[in-house]
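One structure is given below, encoded as C-alpha cells.
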Amino acid sequence: MEKEGLTIVYTGKGKGKTTAALGLVLRAVGYGKKICMIQFIKGSWHYGEMYSSKRLEPEFEMVAIGKGFVGIIDDKSPKEDHARIAKEAIKICLEKIQTGKYDIIVLDEINYAINLGLVKVEDAINLIKSKPDKLDLILTGNYAREEIIDLADLVTEMKEIKHPFQRGIKARKGIDF
Ligand code: ATP
Ligand code: MG
C-alpha cells in the first residue's frame, strides 16, 4: 500500500525550522520529487534558498507571496490590504495544493503569518484538510497554533539552547539567510 502524505510542522524558538524543511527538500529532489515552497514573510529579502532553488529546478519551485506582508508589517497600511493579500496568499496555496502536481509543499513561515493575524487560522486549517492524500505538507514558523498541531502527523519543536544572536552576533549569509 502506498504511504499517505504527512502534515509536518517545524516550530519553536530555536534555529532550524526553515533549514529542516530545506533539508527535506534536498533529499526529495534526489528522488526526482516535485516540490513547491511558498514563502509567507520573506518576500522582499534576499536569502540563499532563493538562489539555490534555481539550481534545483525543475523539481524545486519557490514562490514568494510575502512581499506585501513585509511592507505591511513595516508600514501601517490599511487593514483591508492585509485581508486582501492574505486572501490572495491562501488562494495561491490552495491552487498549488490541489493541482496534484507536487509531492511536497512547504508553507514557510506560515505560522508567523497566522500569529501576526495576517492569515486566519481557519484558512490554514482548511488548507491542511484539503490536501490530497499523497501530498506531504510542511508548515514552518514558531508559535504553531494548537489547532494546527492537532491536525499534524509530525511536529518538531526547535528548542533554543544557545544562539549567537544572544551575544550580538549578526545573521550570516549562507548560514542564517
Ligand atoms: P533557519 O532559517 O536558519 O532555519 P528558522 O526558520 O528556525 O531559521 P525563523 O524564525 O524563520 O528561524 O527566523 C528567521 C531568521 O532568524 C533566520 O535568519 C534565522 O537564522 C534567525 N534565527 C532563528 N532562530 C533564532 C534565534 N533563536 N535567535 C536569533 N535568530 C534566530
Ligand atoms: Mg524560518
Side-chain angles (χ1 to χ4, degrees), residues 6-30 33 35-56 59-75 82 85-86 89-90 92-93 96-97 102 104-121 123-125 127-128 131 136-149 151-177:
L6 303 177
T7 297
I8 300 173
V9 174
Y10 296 128
T11 191
K13 186 170 187 283
K15 173 175 165 64
K17 300 172 288 294
T18 297
T19 44
L22 287 167
L24 198 147
V25 166
L26 185 64
R27 177 178 281 166
V29 167
K33 288 188 185 276
I35 303 128
C36 180
M37 184 172 209
I38 302 171
Q39 294 275 1
F40 269 79
I41 303 286
K42 292 173 179 166
S44 59
W45 303 352
H46 289 258
Y47 40 94
E49 57 265 39
M50 206 164 99
Y51 306 114
S52 359
S53 68
K54 302 262 175 257
R55 299 183 174 208
L56 296 176
E59 286 83 0
F60 187 28
E61 184 188 309
M62 184 108 112
V63 186
I65 52 174
K67 218 168 231 160
F69 282 164
V70 173
I72 278 171
I73 292 162
D74 296 343
D75 53 54
H82 297 221
I85 292 164
I90 291 296
I92 292 169
C93 292
K96 295 279 183 194
I97 287 172
Y102 303 101
I104 301 171
I105 291 183
V106 183
L107 306 179
D108 191 40
E109 322 292 5
I110 190 170
N111 291 330
Y112 290 121
I114 295 167
N115 196 51
L116 288 164
L118 299 168
V119 167
K120 285 191 206 150
V121 69
D123 287 340
I125 288 168
L127 287 181
I128 297 171
K131 93 172 182 60
D136 285 295
L137 184 65
I138 306 178
L139 299 91
T140 87
N142 198 10
Y143 314 112
R145 296 282 289 264
E146 234 13 80
E147 301 96 309
I148 289 178
I149 289 173
L151 281 174
D153 303 290
L154 191 167
V155 181
T156 297
E157 181 178 1
M158 306 297 173
K159 182 182 171 190
E160 183 188 89
I161 294 184
K162 268 188 176 183
H163 195 290
F165 185 74
Q166 296 165 339
R167 291 192 287 129
I169 296 172
K170 287 200 186 110
R172 286 181 305 151
K173 210 180 224 178
I175 303 290
D176 296 299
F177 62 92

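We count ligands from 1, going down the list as the structure has it; atoms in each ligand are counted the same way. No hydrogens, no waters, no symmetry mates; every other heavy atom, side chains included, goes into these values. All residue numbers refer to positions in the sequence shown, counting from 1.
Other residues, nucleotides and ligands contribute over 12 non-hydrogen atoms within 6.0 Å of the CZ atom of F177. Within 6.0 Å of the NZ atom in K120, the count of heavy atoms belonging to other residues, nucleotides or ligands does not exceed 12. Around atom NZ of K15, more than 12 heavy atoms belonging to other residues, nucleotides or ligands sit under 6.0 Å away.
Contact annotation: for K15 versus ligand 1, heavy atoms closer than 4.0 Å belong to both the backbone and the side chain.
Ligand 1 lies nowhere less than 4.0 angstrom from a heavy atom belonging to M158. The shell of residues lying under 4.0 angstrom from ligand 1, judged by heavy atoms, excludes Y10. Proximity of G14 to ligand 1 is established by a heavy-atom distance of less than 4.0 Å.
Here N111 contributes atom CG and K17 contributes atom NZ; the two are 9.5 Å apart, rounded to the nearest 0.5 Å.
Here the shortest heavy-atom distance to atom 5 (P) of ligand 1, taken over K17, E49, K170, belongs to K17.
Distance check for T19 against the Mg ion (ligand 2): none of its N/O/S atoms falls below 2.8 Å. Among the backbone and side-chain atoms of D108, none of the N, O or S atoms lies under 2.8 Å from the Mg ion (ligand 2).
L137 approaches L127 most closely through the heavy-atom pair CD2-O, 4.4 Å. The shortest heavy-atom contact between A20 and M158 is CB-CE, 3.9 Å. In terms of heavy-atom proximity, A21 sits nearest to Y10 at N-CE1, 3.8 Å.
Numbered from 1 in the order shown, with element, the atoms of ligand 1 that lie under 4.0 Å from a heavy atom of Y112 read 9 (P), 10 (O), 11 (O). The atoms of ligand 1 that sit less than 4.0 Å from any heavy atom of E109 are 11 (O). Short contacts between ligand 1 and F165, defined as distances under 4.0 Å to a heavy atom of the residue, involve ligand atoms 29 (C). Taking a cut-off of under 4.0 Å to the non-hydrogen atoms of T19, the atoms of ligand 1 that pass are 4 (O).
Judged purely by atom type and a 3.5 angstrom limit, T11 uses its side chain to pair as donor or acceptor with the backbone of A144.
The Mg ion (ligand 2) sits nearest to atom OE2 when only the N, O or S atoms of E109 are considered.
For the pair A20 and ligand 1, the shortest N or O to N or O distance does not fall below 3.5 Å.
Among L6, V25, I35, I104, the single residue meeting the side chain to side chain contact (heavy atoms under 4.5 Å, CB included) criterion with I138 is I104.
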